[in-house]
Number of protein chains: 2
Amino acid sequence: MTQGIRAQQREQTRQALVRESRRLFSTLGYGSVGLSEIVHAAGVTKGALYHHFSSKADLFRAVLEQVQQEVAERIAETADAREDTWEQLVSGCRAFLTVSTDPTIQRIMLVDGPAVLGWSEWRAMNETTSGRHLAQVLGDLIDEGVFAAQRVEPLTHLLSGAMNEAALWLATSTDPRNPDDVQDALVSMLESLRVV
Amino acid sequence: MTQGIRAQQREQTRQALVRESRRLFSTLGYGSVGLSEIVHAAGVTKGALYHHFSSKADLFRAVLEQVQQEVAERIAETADAREDTWEQLVSGCRAFLTVSTDPTIQRIMLVDGPAVLGWSEWRAMNETTSGRHLAQVLGDLIDEGVFAAQRVEPLTHLLSGAMNEAALWLATSTDPRNPDDVQDALVSMLESLRVV
DNA sequence: TCCTTCACGTACTGAAGGTACGTCAGTGTT
DNA sequence: AACACTGACGTACCTTCAGTACGTGAAGGA
C-alpha cells in the first residue's frame with residue numbers, strides 16, 4: 001500500500017506551508033506576516049495555500065494544533081515519569097512553565113491564538129491537549145482527598161490561567177531570578193492547597 | 001477661561017470616535033471592525049480619525065485606556081471601602097471577577113488588548129491601573145506577615161493571570177454555578193496562602 | 001479686515017486576503 | 001497502451017481596508 005506520488009507531494013507542500021508559516025508567525029506575529037511571505041518561503045503560490053486551507057486563520061489553526069501537540073507531549077512525558085499523582089501535577093506544571101517560555105511557542109499559543117480564533121475555540125483546542133491532562137490530575141487529587149472536595153473546572157481554569165500569565169511574564173522579563181521564583185511561588189501555592 | 005468652540009468640538013469628535021469604536025470593538029472584535037464603520041458611526045470621516053489618532057492601533061489604545069480606567073475605578077471603590085488589608089484583597093478580587101465578566105470589557109481588555117498592542121505594552125498599561133493596586137495590596141500583606149515572605153512580582157502575576165482566565169471562562173460558560181464557584185475557589189486559594 | 005491656524009473632508013494609493021479559472025502531471029480503466 | 005478524469009497547484013484578478021496627500025472653510029488673534 002505505497003502512498004502515491006500525488007499524496008506524498010500533497011503532504012509535503014502542506015507541511016512546508018505549516019512549517020514556514022509557523023516560523024513566520026512565531027517571529028513576526030500573525031498580523032504582521034502576509035500570505036505572500038508564507039507562500040514564497042514555502043516555495044509555492046497562493047493557489048496551493050488555498051487548496052489546503054480555507055483561510056489564513058485556518059492555516060494558523062493548523063500551526064496552533066501542531067504547537068499544542070508538541071507542548072502536551074513534552075509535558076506528558078515529564079509528568080508520566082512520576083508515579084505519584086501529586087508529583088505528576090508538580091512536575092507537569094514545572095514542565096509547562098519551562099516549555100512555554102520559548103518565544104516560538106509563546107506568541108502562537110498564548111498571544112495570537114485567542115485573538116485569531118477567539119477564546120471559545122482556543123479553549124476547546126486547549127482542552128483536547130494539555131488542558132485535559134491538568135483537569136485529569138486535579139480531579140484525581142480531589143478524589144484522593146489531597147485537595148479539598150470541590151468542582152474541578154474552576155480550579156483548573158484558575159491554575160491554567162496563572163501558568164499562562166506566568167509563562168508570558170517570564171518570556172519578557174529579564175531578572176534571572178524570575179524563572180525559579182515563579183515556579184516556587186506556583187508550587188507553594190499548590191502545596192498550600194493540600195489538605196493532607 | 002471658557003474653552004473655545006474649537007476645543008469643544010475637537011474633544012467632542014474625539015470622544016465620539018472613542019465611544020463608537022469601543023462599542024464596535026467590544027461587539028465585533030478589533031480585526032472585524034473597519035475604520036469606515038467607525039467613522040460612519042461617529043458621524044465623521046477618516047480625515048478626522050487620523051487627525052486625532054496616528055493609527056487604528058492608536059485608537060484602540062485610547063479605548064483600552066478608558067476601559068482599564070473604569071475597571072480600576074470600580075475595583076478601587078469596592079476595595080477602599082474596607083479597612084483591613086486582607087479584606088481589601090478579597091473584595092478587590094471579587095470585584096474584578098464581577099466587573100470583567102462584562103463581555104464589553106472582556107473582548108477589549110483581555111482578548112484583543114494583548115494581541116493588538118503586544119504583551120509588553122498591555123502589561124505596562126495594566127501596571128499603571130489595576131495591576132498596581134493588586135501588587136500594592138499583596139506587598140502590604142507580605143509585609144504584615146499575612147503571606148509568607150517572598151517576592152511580590154511572581155505572586156502578582158500568578159494571581160492576575162488566574163483572575164483573567166477565570167473572567168474569560170465565566171464570560172463564555174453557561175453553568176449558573178460558575179460565578180460563585182470560581183470566586184470561592186479563588187478566595188479559598190488566597191486563604192490557604194495565609195500563614196497567620 | 002486680513003491672515004494664520006487648525007479641525008476635518010475628499011480623493012487616492014498600496015497592500016493584503018480571497019476568488020475564478022486555467023493547466024498539467026498523476027491515476028484508474030479498458 | 002491509449003484513454004478519460006481527477007486533483008494539486010499556478011495565474012490573474014477582484015475587493016476591501018489601513019494609511020496618505022492635499023484641499024477647505026471656519027475659528028481666533030492682530
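Every chain is numbered from 1 and lettered A, B, ... according to where its sequence line falls, protein lines coming before strand lines.
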[N], OP1 or OP2 - any side-chain N/O from [X] closer than 4.0 Å?
{"X": "A:S55", "N": "C:dG18", "result": "no"}
{"X": "A:T13", "N": "D:dC9", "result": "yes"}
{"X": "B:H51", "N": "C:dC8", "result": "no"}

Nearest-Å distance, [atom1] ([X]) to [atom2] ([N])?
{"X": "B:F53", "N": "C:dA7", "atom1": "CZ", "atom2": "C1'", "result": "14 Å"}
{"X": "A:Y50", "N": "C:dC21", "atom1": "OH", "atom2": "C1'", "result": "16 Å"}
{"X": "B:L49", "N": "D:dC17", "atom1": "CG", "atom2": "C1'", "result": "13 Å"}
{"X": "A:E11", "N": "D:dG7", "atom1": "CD", "atom2": "C1'", "result": "15 Å"}
{"X": "B:Q8", "N": "C:dA7", "atom1": "CD", "atom2": "P", "result": "13 Å"}
{"X": "A:R10", "N": "D:dG7", "atom1": "CZ", "atom2": "C1'", "result": "9 Å"}
{"X": "A:L59", "N": "C:dA16", "atom1": "CG", "atom2": "P", "result": "16 Å"}
{"X": "B:R14", "N": "C:dC8", "atom1": "CZ", "atom2": "P", "result": "12 Å"}

query = Hey, mind stepping through A:R123 and B:E165 against salt bridge (charged side-chain N to carboxylate O under 4.0 Å, His left out) and telling me if it holds?
reply = CA-CA 10 Å; A:R123 202 184 305 282; B:E165 162 67 16; 2.4 Å; yes
Check ion pair B:E20-B:R23 (N to O, under 4.0 angstrom) =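 Looking at B:E20 and B:R23, the cut-off is met.
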Ionic contact status for B:R177 with B:D175, cut-off 4.0 Å =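 Salt bridge flag = yes for B:R177 with B:D175.
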inquiry  = Is it the case that the side chain of B:Q183 and the backbone of B:D180 share a donor-acceptor pair, with hydrogens and angles ignored and the cut-off at 3.5 Å?
reply    = no
ask   = Hey, is the main chain of A:M189 close enough, under 3.5 Å, to the side chain of A:S192 for a donor-acceptor pair?
value =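 Judged by distance alone, yes, a pair lies under 3.5 Å.
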ask   = Excluding sequence neighbours, so at least two apart, what forms ring-ring contact (aromatic ring centres under 6.0 Å, His included) with A:F53?
value =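 Partners of A:F53 under the ring-ring contact (aromatic ring centres under 6.0 Å, His included) test: none.
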request  = Check the side chains of A:R132 and A:N126 for a donor-acceptor pair under 3.5 angstrom, ignoring hydrogens and angles.
outcome  = no
Of residues 20-46 of chain A, the positions that come close to DNA chain D - non-hydrogen atoms, cut-off under 4.0 Å =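 Within residues 20-46 of chain A, the residues near DNA chain D are A:V44, A:T45.
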